[in-house]
Every structure is written in structure tokens, then in C-alpha cells.
Amino acid sequence: MTRQNSKIPVIIKFILFIPVMLILFSGCQSRFDKIKGKVYLYEDSIYAFTAGFDNDTLYYIMKDAQRPYFHRSKYKSKKINDSTFLIELTDKPKFWEKNTWEIVIHDEKGFSSRESNKYYKLYSDSFIVKKAF
């Protein structure tokens, strides 16, 4: 028996294989992974809330009319559905009622707090927030 060669050259098979693999790998990333390494800000007339997500550490700043309050804690994220995540902190901030925070991720440009509906938008200068800690 003789083996017949495929009519499609190897290079074309390889070129077709790459987009398929990219689609498969991009589908494995969760929405929460898109906000890691970034800093988000919510501001109203009196308060400013800043949240920075490192791989395993949450940096949080609450600033009111008097002074800022800084908090840093290790966290774990639990997926509730495609866009909602429960952030569970190791150390509860003094200015929070509990050690969990439920967030709804819209895209990499922002998320909202499930309880308060405050929308945190992407903060352009992430380096300043990490330097504060």
C-alpha cells in the first residue's frame, strides 16, 4: 500500500492552525484576569475610592474630605457567573463592614460594585497607587 500525500501544503495547515489556537486560548481567560495588574477609580463629590488588583493582593484607598485611608490585603476571587466575582479578603479593611466584595466586570475599562452600583473606571496612572504602599 502506498500512502498518498495530502493536497494541502504543510505551511497552509500551519497558518490555519494558528487562528484556531488563538481563539481557543483567548476563550480560556476569565473577565477577572483582564483587570489584574490595573488600578480603578470611583469619584463622587466627597469620596474617592481607588482599587488596585495585583495577582494576589488588593490595594484599596478610600479618600474623604479629611484624609485618605489605605488598605492592602491578600485576596481570592470566586466566579459567580460570567461577569460577577466575589473578592474575599484575608484582612478586612476597618472602613468595610465585611471582608468580601462582589463586583461586576463590564470590560477591562471598568467594573461596578454589586452592592452600591458604584462604577470604577480604569485609572490611567497605576504606578502612583502602588508607590503609596
Side-chain angles (χ1 to χ4, degrees):
M1 290 186 161
T2 60
R3 183 174 170 216
Q4 289 185 350
N5 288 339
S6 173
K7 303 230 184 231
I8 302 173
V10 174
I11 190 75
I12 294 176
K13 288 180 185 178
F14 185 71
I15 291 172
L16 294 174
F17 178 73
I18 290 174
V20 170
M21 292 308 293
L22 287 174
I23 292 170
L24 288 175
F25 285 127
S26 66
C28 295
Q29 187 180 28
S30 75
R31 284 188 171 204
F32 189 77
D33 291 335
K34 292 180 180 181
I35 69 169
K36 284 184 180 179
K38 298 177 183 167
V39 177
Y40 295 87
L41 176 69
Y42 169 78
E43 289 181 297
D44 64 13
S45 60
I46 299 172
Y47 294 101
F49 301 96
T50 308
F53 294 91
D54 209 352
N55 286 330
D56 64 346
T57 306
L58 172 72
Y59 300 91
Y60 197 84
I61 303 170
M62 183 184 89
K63 185 176 182 280
D64 61 10
Q66 296 176 350
R67 68 182 200 101
Y69 299 92
F70 298 92
H71 185 76
R72 175 178 56 190
S73 176
K74 299 284 184 189
Y75 74 88
K76 292 182 182 177
S77 65
K78 294 181 183 176
K79 184 176 180 179
I80 296 174
N81 61 37
D82 285 343
S83 60
T84 307
F85 293 84
L86 181 68
I87 308 300
E88 188 174 347
L89 300 177
T90 305
D91 302 317
K92 180 182 86 69
K94 295 177 184 177
F95 45 88
W96 283 16
E97 293 178 13
K98 52 188 177 179
N99 70 332
T100 58
W101 186 24
E102 199 169 330
I103 62 172
V104 179
I105 300 174
H106 302 283
D107 53 22
E108 60 271 355
K109 294 180 182 177
F111 67 89
S112 59
S113 176
R114 179 81 168 213
E115 295 173 2
S116 66
N117 276 338
K118 293 177 181 171
Y119 181 76
Y120 288 73
K121 62 183 179 182
L122 184 62
Y123 187 55
S124 61
D125 197 357
S126 300
F127 183 71
I128 292 173
V129 175
K130 284 190 176 181
K131 195 123 175 141
F133 293 93

| query | Between F85 and I105, which heavy-atom pair has the shortest distance, and what is it? | reply | CD1-CD1, 3.7 Å
| said: Has D33 got a side-chain atom pairing as donor or acceptor with K36's backbone, closer than 3.5 angstrom? | reply: no
| query | Backbone N or O of R67 within a donor-acceptor pair of the K63 side chain at under 3.5 Å? | reply | no
| Would you say the side chain of E102 lies within less than 4.5 Å of the side chain of I80, judging by non-hydrogen atoms? | yes
| Backbone N/O of Y119 and side chain of S112: donor-acceptor pair under 3.5 Å | no
| request: For the pair F49 and Y120, name the ring-plane relationship: parallel under 30°, tilted 30 to 60°, perpendicular over 60°. | output: tilted
| message | Applying side-chain contact (heavy atoms from CB on, under 4.5 Å) to T50 and Y60, what does each step give before you reach the verdict? | response | CA-CA 6 Å; T50 308; Y60 197 84; over 6 Å; no
| message | Any heavy-atom pair between the side chains of L122 and V39 that's under 4.5 Å? | response | no
| query | Would a line drawn from the ring center of Y75 to the ring center of W101 be shorter than 6.0 Å? | reply | no
| said: Donor-acceptor check, side chain of T90 to backbone of K74, threshold 3.5 angstrom: yes or no? | reply: yes
| request: Using a strict 4.0 Å threshold on nitrogen-to-oxygen distance, state whether K98 and E88 make a salt bridge. | output: no
| request: Return yes if some donor-acceptor pair links the side-chain N/O of D107 with the main-chain N/O of K109 below 3.5 Å, else return no. | output: yes
| field | Any T57 side-chain heavy atom under 4.5 Å of R72 side chain | value | yes
| query | Going by heavy atoms in the side chains, are Y123 and Y42 under 4.5 Å from each other? | reply | no
